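A short write-up of the structure that comes next.
Here the structure is a predicted model, which means the values were calculated and not measured.
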Amino acid sequence: HLSDVDEQWYCAEDVANTSDVYKGLKKELKELGLWDYFLNRSCKLAEVTREMNRIGVNLDIFRMDTARVEIANTEYNLVEQLRAEIGDPEFNFHSTKQMMDLLYNKLKLPKQYSEATKKLTSDAMALETLSNIVEDNPIFNLVLKLRGGAKLASTYLSIKDDRCYPALATHKTTTGRYSAPLILLVPEGVAREIYIPDNKDMEFYYADWKQIEFILYSIITGQTDMLDAAHAGLDIHEWTASELDLERREGKTLNFGLIF
């Protein structure tokens, strides 16, 4: 533990360093002509964001519990189907070793390796990669359904409180978008049904700038065909894919690649 004197010096240095950072950033923002924007937009948004984080979002605990039960029942049935398909009544879906043996030895799927450890893996990234390669394989489809249900239950339906505090932040992204892992990545369906208004007089509203990046990109670069497609309400990724005889995911990759 630090002595009282050491703690005082530590706090003083913390304040002094924070002040130096503030002065440096203020000077840089003024040179970029962004100081007024920072004060009148970013700081005010931070105040609202802080209050949103403090209040949180109401959760329907009963719906969350019943959803977990539904997923558990579905998982039981899918596991029985999987065991019947592979002819192994003892197969343990949660065993990493058995899952890798199924994917790479029995199904002979392309082996996937972890970027960090360089070891063979059957993690979520590996399954996502394989899902873009494997076509119409009933056993692999069962594996995907099982993994999807397990992730849904463990990630989005295991909140311990009756409110979700989303940790919204704008300073954690380079684009200025909100960062909030607990809220922004919630998939459609039952995972969103557990978020409810505080009372019957309140409602949730959904608003989105549909494909705004590509509309701006089209205007800036003069891509009138893409702009016309956006105004016609077409899916930009499907439109690009159809122009080049590609799959939608390939069109999406190409679109974002061109922007970057």
Side-chain angles (χ1 to χ4, degrees), residues 45 49 57 71 74 78 103 107 109-116 121-157 166-195 204-260:
L45 178 60
T49 301
V57 185
I71 289 173
T74 300
L78 289 174
L103 295 176
L107 297 182
L109 299 181
K111 293 183 178 180
Q112 303 297 310
Y113 296 89
S114 167
E115 290 187 5
T121 181
S122 61
D123 62 12
M125 184 67 72
L127 290 184
E128 182 178 350
T129 301
L130 288 172
S131 69
N132 293 324
I133 301 171
V134 181
E135 294 184 5
D136 198 26
N137 185 308
I139 294 177
F140 182 67
N141 289 340
L142 285 172
V143 170
L144 289 180
K145 288 179 181 179
L146 280 164
R147 280 289 178 90
K151 180 179 179 181
L152 188 64
S154 63
T155 305
Y156 302 108
L157 300 174
L168 289 162
T170 56
H171 62 279
K172 294 183 179 181
T173 62
T174 56
T175 61
R177 290 185 177 190
Y178 268 125
S179 165
L182 288 177
I183 291 290
L184 297 184
L185 299 179
V186 177
E188 293 183 2
V190 65
R192 293 190 184 182
E193 293 173 7
I194 67 172
Y195 296 90
F204 286 137
Y205 281 86
Y206 174 83
D208 181 37
W209 289 106
K210 185 177 180 181
Q211 300 178 328
I212 186 64
E213 298 99 331
F214 298 101
I215 293 175
L216 292 173
Y217 167 75
S218 302
I219 293 171
I220 293 169
T221 61
Q223 295 288 335
T224 55
D225 289 347
M226 183 178 281
L227 195 57
D228 290 341
H231 285 162
L234 301 179
D235 182 294
I236 294 297
H237 306 314
E238 287 185 358
W239 176 81
T240 299
S242 66
E243 290 290 306
L244 300 172
D245 194 25
L246 302 171
E247 296 292 328
R248 183 185 184 278
R249 60 182 176 80
E250 295 172 318
K252 183 177 182 179
T253 300
L254 180 59
N255 280 339
F256 278 109
L258 285 172
I259 288 180
F260 285 119

Fill in: Straight-line distance of I71 CD1 to L152 CG, nearest 0.5 Å
4.0 Å
Worksheet, complete the sentence: Taken in chain and number order and not counting sequence neighbours, the residues that satisfy salt bridge (Lys or Arg N to Asp or Glu O under 4.0 Å) with R249 are none
Discussion item. Let me confirm one number: the CD-CG distance from E238 to N255, rounded to the nearest 0.5 Å.
Written reply: 11.5 Å
Worksheet item: Is any side-chain heavy atom of V134 closer than 4.5 Å to a side-chain heavy atom of L107?
Response: no
Practice prompt. Could you tell me whether the side chain of L45 reaches within less than 4.5 Å of the side chain of Y178, counting heavy atoms only?
Written response: yes
Worksheet entry | A191 to L157 - nearest heavy-atom pair and separation | CA-CD2, 4.2 Å
Discussion item. Quick check for you: to the nearest 0.5 Å, what is the distance between L78 atom CG and L144 atom CG?
Written reply: 11.0 Å
Fill in: Check: V190 main-chain N/O paired with Y156 side-chain donor or acceptor under 3.5 Å
no
Discussion item. For the OG1 atom of T253 and the CG atom of L258, what is their distance to the nearest 0.5 Å?
Written reply: 11.0 Å
Fill in: Within 6.0 angstrom of N132 CG, more than 12 heavy atoms from elsewhere
yes
Worksheet, complete the sentence: Between H237 and K252 the two heavy atoms that sit nearest each other are ND1-CA, 3.5 Å
Worksheet entry | Side-chain heavy atoms of Y217 within contact of Q211, under 4.5 Å | no
Worksheet entry | Residue E243 excluded, over 12 heavy atoms near CD under 6.0 Å | yes
Discussion item. Contact between L103 and L127 at the side-chain level, heavy atoms closer than 4.5 Å - yes or no?
Written reply: yes
Practice prompt. Can you measure from CZ (F204) to CZ (R192) and round to the nearest 0.5 angstrom?
Written response: 12.0 Å
Worksheet entry | Which atom of R147 lies closest to which atom of A124, heavy atoms considered | NH1-N, 4.4 Å
Worksheet item: Which heavy atom of D136 sits nearest a heavy atom of P138, and at what distance?
Response: O-CD, 3.6 Å
Response to the item:
Heavy atoms of T121 and S114 approach each other most closely as CG2-N, 3.5 Å
Practice prompt. Of all the heavy-atom pairs spanning T240 and M226, show the shortest one and how long it is.
Written response: OG1-CE, 4.2 Å
Practice prompt. For residues Q223 and F214, determine if any side-chain heavy atom of one lies less than 4.5 Å from a side-chain heavy atom of the other.
Written response: no
Discussion item. Rounded to the nearest 0.5 Å, what separates atom CD1 in I220 from atom CD1 in I215?
Written reply: 12.0 Å
Discussion item. Could you tell me if the side chain of L244 sits less than 4.5 Å from the side chain of E250, heavy atoms only?
Written reply: no
Worksheet entry | Validation row: Y195, V186 side chains within 4.5 angstrom (heavy atoms) | yes
